[in-house]
J.: 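Before anything else, here's the structure in question.
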Amino acid sequence: MLTIYNTKTRKKEAFVPLREGRVSMYACGPTVYDFFHIGNARAFTVFDTVRRYLAYRGYQVTMVQNFTDIDDKMIRRANAEGITVQDLAERFIAEYKTDAAALGIAPADIHPRATHHIPEMIALIERLLDKGVAYVAEDGVYFSVEDYPAYGQLSGRNLSDMEAGARIDVDEKKKNPMDFALWKMEKPGEPAWDAPWGRGRPGWHIECSAMSMKYLGETIDIHTGATDLIFPHHENEMAQSEAATGCTFVRYWVHNGFINIDNVKMSKSEGNFFTVRDIVGQYNPEAVRLFLLSAHYRSPINFTRELVQSATAALQRLHNARDTYQSLAASAPERPLSPADEAFMAALPKAREAFVTAMDDDFNTADALGAVYEFVREANRYLPAAPKACAKAALALLGELCSVLGLFYRQQSDIPQEVLDMAEARQLARKARDFAEADRLRAAIAAAGFALEDTPQGPKLKKA
RNA sequence: GGCGCCAUAGCCAAGUGGUAAGGCAAAGGUCUGCAAAACCUUUAUUCCCCAGUUCGAGUCUGGGUGGCGCCUCCA
């Protein structure tokens, strides 16, 4: 049974979707004003893994991830570059796709953009005005937290606590300092859309509510994001959505922990700010993904060179296993299964079960990886003497489990003909017992960027 | 000040009150022309400290200590 830790109740709960066999998911996407950073990457990797696992468990998953393409940062950056907000958005949506693909993050079913959904947002704001939980002020339309008693439910705060610590902009024309903007009235030089109460642009929170409702309905199963979004973003989304519809907005709120860099919070001012674009130049992005999955998604993790290198070595172990099973699946003898073979085959479903049990426990990828490594060790030990059917079954299981975690997505790079020629020449030299020449050729292959290993199935080439 | 989280080996990390998974690193061995990979062996009598509950505590309770997050349109 799948259980999910729900931020709203602060407990692990049995997962029961609204509609049997289907899951609706909404993930807060990037504000497309720049390349996304390693912290974003964790949030995206988490929802991608959740999605993959739900699909693996047989659910038909519909996932929406928005692009926030209008806000202060967008406007500032577009002005700085002397381009339109729209051009900026186009550029970084494309860059998002490049970096997400590098990390094995599959595209959502729908990637709505905030600026393409202004009418939906206006309609939602009107509903809130009609219900008396929002009001029009001089500089915008605000949600009135005092008129919505459930405010604070998600983050576990109450209004008086929040007001005590609130730092507020005195210029804003709000009734209560905790009121938040649904709509911001037009300022000179900013993009603006017509609305019944005046030209302007939407607030951040209303975007997600409107797009989530449009594509997934008034109640969705899972909404993901990093912990910092719990307050105010998700609190506000929930308040405005539930105030408008009168029904539950999100059944399971899922929040991932933060990444520190060398034990320090990542920030531009600390000079430890890394975009994924920076990182994929230095590390194998698939290893970065494995690193991100090596701890539970709710724990904070520490990004260091040493830990990514450790993940790189672990990933190599999985790739080596796959390559070995692949060649054994091609070259191992075909014969009837012996009792030992049968025992090996019988252990495969048990390995899968261990993996599923781990993932069922609030997507415990660290524990699930433990199950994968244990299976790999057993298969590595048994397969060299096993028939083809065992190798095929092990290869299939390894591929199955790793793809649930979003690993094994990278294409094998093509090996240049000259490298293949050198490998062949080396085999001839080895047959002739000219090991000096064989070693020289292996060094030349290494210089060309490829590692050559001799295996019982013959020499194996891979990119270094 | 309010709300909340965390502490397990050299590093990372999982852990349902029943006797400490797994990965990386390190050391020794097997195999191999050598290397690599792979496998085997070794590496926490103990889970930050102190009390308590219990037949039994890494796990529950209380109190310390240390670290961290949110309360800023930061993922």
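Throughout, a chain's letter reflects where its sequence line sits, starting with A, and its residues are numbered from 1. In this text, all values refer to a predicted model and were calculated from it rather than measured experimentally.
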J.: What ring-ring contact (aromatic ring centres under 6.0 Å, His included) pairs are there with at least one residue in residues 283-308 of chain A, not counting sequence neighbours?
T.: A:Phe291-A:Phe303
J.: Tell me: NZ of A:Lys12 to P of B:rG15, nearest whole Å?
T.: 6 Å
J.: Whole-Å distance between B:rA35 C1' and A:Leu441 CG?
T.: 15 Å
J.: A:Arg298: which residues meet the salt bridge (Lys or Arg N to Asp or Glu O under 4.0 Å) condition with it, sequence neighbours left out?
T.: A:Asp362
J.: Whole-Å distance between B:rC74 P and A:His234 NE2?
T.: 13 Å
J.: Between B:rC34 and A:Arg442, counting only base atoms on the nucleotide and side-chain atoms on the residue, is there a donor-acceptor pair under 3.5 Å?
T.: yes
J.: Would you list the atom pairs, donor with acceptor, under 3.5 Å between side chains in residues 349-357 of chain A and any protein atom, with sequence neighbours excluded?
T.:
unit_1	atom_1	unit_2	atom_2	d
A:Arg352	NE	A:Glu400	OE2	2.7
A:Arg352	NH2	A:Glu400	OE1	3.1
A:Thr357	OG1	A:Glu353	O	2.8

J.: Taking side chain to side chain contact (heavy atoms under 4.5 Å, CB included) as the test, write out the residues that go with A:Asn79, two or more places apart.
T.: A:Ile75
J.: Using the side chain to side chain contact (heavy atoms under 4.5 Å, CB included) criterion, which residues pair with A:Ala340? Sequence neighbours excluded.
T.: A:Ser338, A:Tyr382
J.: With sugar-phosphate meaning primed atoms plus P, OP1 and OP2, does A:Arg440 contact a base, only sugar-phosphate, or nothing at under 4.0 Å between heavy atoms?
T.: nothing
J.: Using a heavy-atom distance cut-off of less than 4.0 Å, which residues of residues 448-457 of chain A contact RNA chain B?
T.: A:Leu452, A:Glu453, A:Asp454
J.: How is A:Phe435 classified with respect to the nucleic acid when contacts are heavy atoms under 4.0 Å: base, sugar-phosphate, or nothing?
T.: base
J.: Starting from Watson-Crick (N1-N3 plus N6-O4 or O6-N4) and G-U wobble pairs under 3.5 Å, report the runs of at least three that RNA chain B belongs to.
T.: B:1-7 with B:65-71, B:10-12 with B:22-24, B:26-30 with B:38-42, B:48-52 with B:60-64
J.: Base, sugar-phosphate, or nothing: which does A:Phe231 touch, judged by heavy atoms less than 4.0 Å apart?
T.: sugar-phosphate
J.: Could I get the full list of side-chain hydrogen bond (donor to acceptor under 3.5 Å, both in side chains) partners for A:His255, not counting sequence neighbours?
T.: A:Thr7, A:His234
J.: Compute the centroid of each ring, for A:Phe35 and then for A:Phe273, and state whether the two points are separated by less than 6.0 Å.
T.: no
J.: Provide, to the nearest angstrom, the distance between the CD atom belonging to A:Gln427 and the C1' atom belonging to B:rG33.
T.: 12 Å
J.: Using a 4.0 Å heavy-atom cut-off across all strands, classify A:Lys460 as base, sugar-phosphate, or nothing.
T.: nothing
J.: Under the side-chain hydrogen bond (donor to acceptor under 3.5 Å, both in side chains) rule, collect the residues that match up with A:Ser327, sequence neighbours excluded.
T.: none
J.: Check side chain to side chain contact (heavy atoms under 4.5 Å, CB included) between A:Ala366 and all other residues, then give those that pass, not counting sequence neighbours.
T.: A:Asn364
J.: Please confirm whether A:His37 and A:Phe274 have ring centers closer than 6.0 angstrom.
T.: no
J.: Pairing donors with acceptors under 3.5 angstrom, does anything connect the side chains of A:Asp71 and A:Thr68?
T.: no
J.: Sequence neighbours left out, what passes side chain to side chain contact (heavy atoms under 4.5 Å, CB included) with A:Thr304? Give chain and number order.
T.: A:Asp262, A:Asn302, A:Glu306, A:Leu307
J.: Just how far, in rounded Å, is P of B:rG69 from CD of A:Glu235?
T.: 21 Å
J.: Using atom CG of A:Asp323 as one end and atom C1' of B:rA36 as the other, report the distance to the nearest whole Å.
T.: 13 Å
J.: Can you give one letter per nucleotide of nucleotides 2-14 of chain B, going 5' to 3': B for a protein heavy atom under 4.0 Å from the base, S for sugar-phosphate only, - for none?
T.: BSS------SSSS
J.: Assign A:Asn320 to base, sugar-phosphate, or nothing according to its heavy-atom contacts below 4.0 angstrom with the strands shown.
T.: sugar-phosphate
J.: NA contact type, A:Asp72, heavy-atom cut-off 4.0 Å: base, sugar-phosphate, or nothing?
T.: nothing
J.: Between A:Ile38 and A:Glu378, just flag the one whose closest nucleotide in RNA chain B comes earlier from the 5' side.
T.: A:Glu378
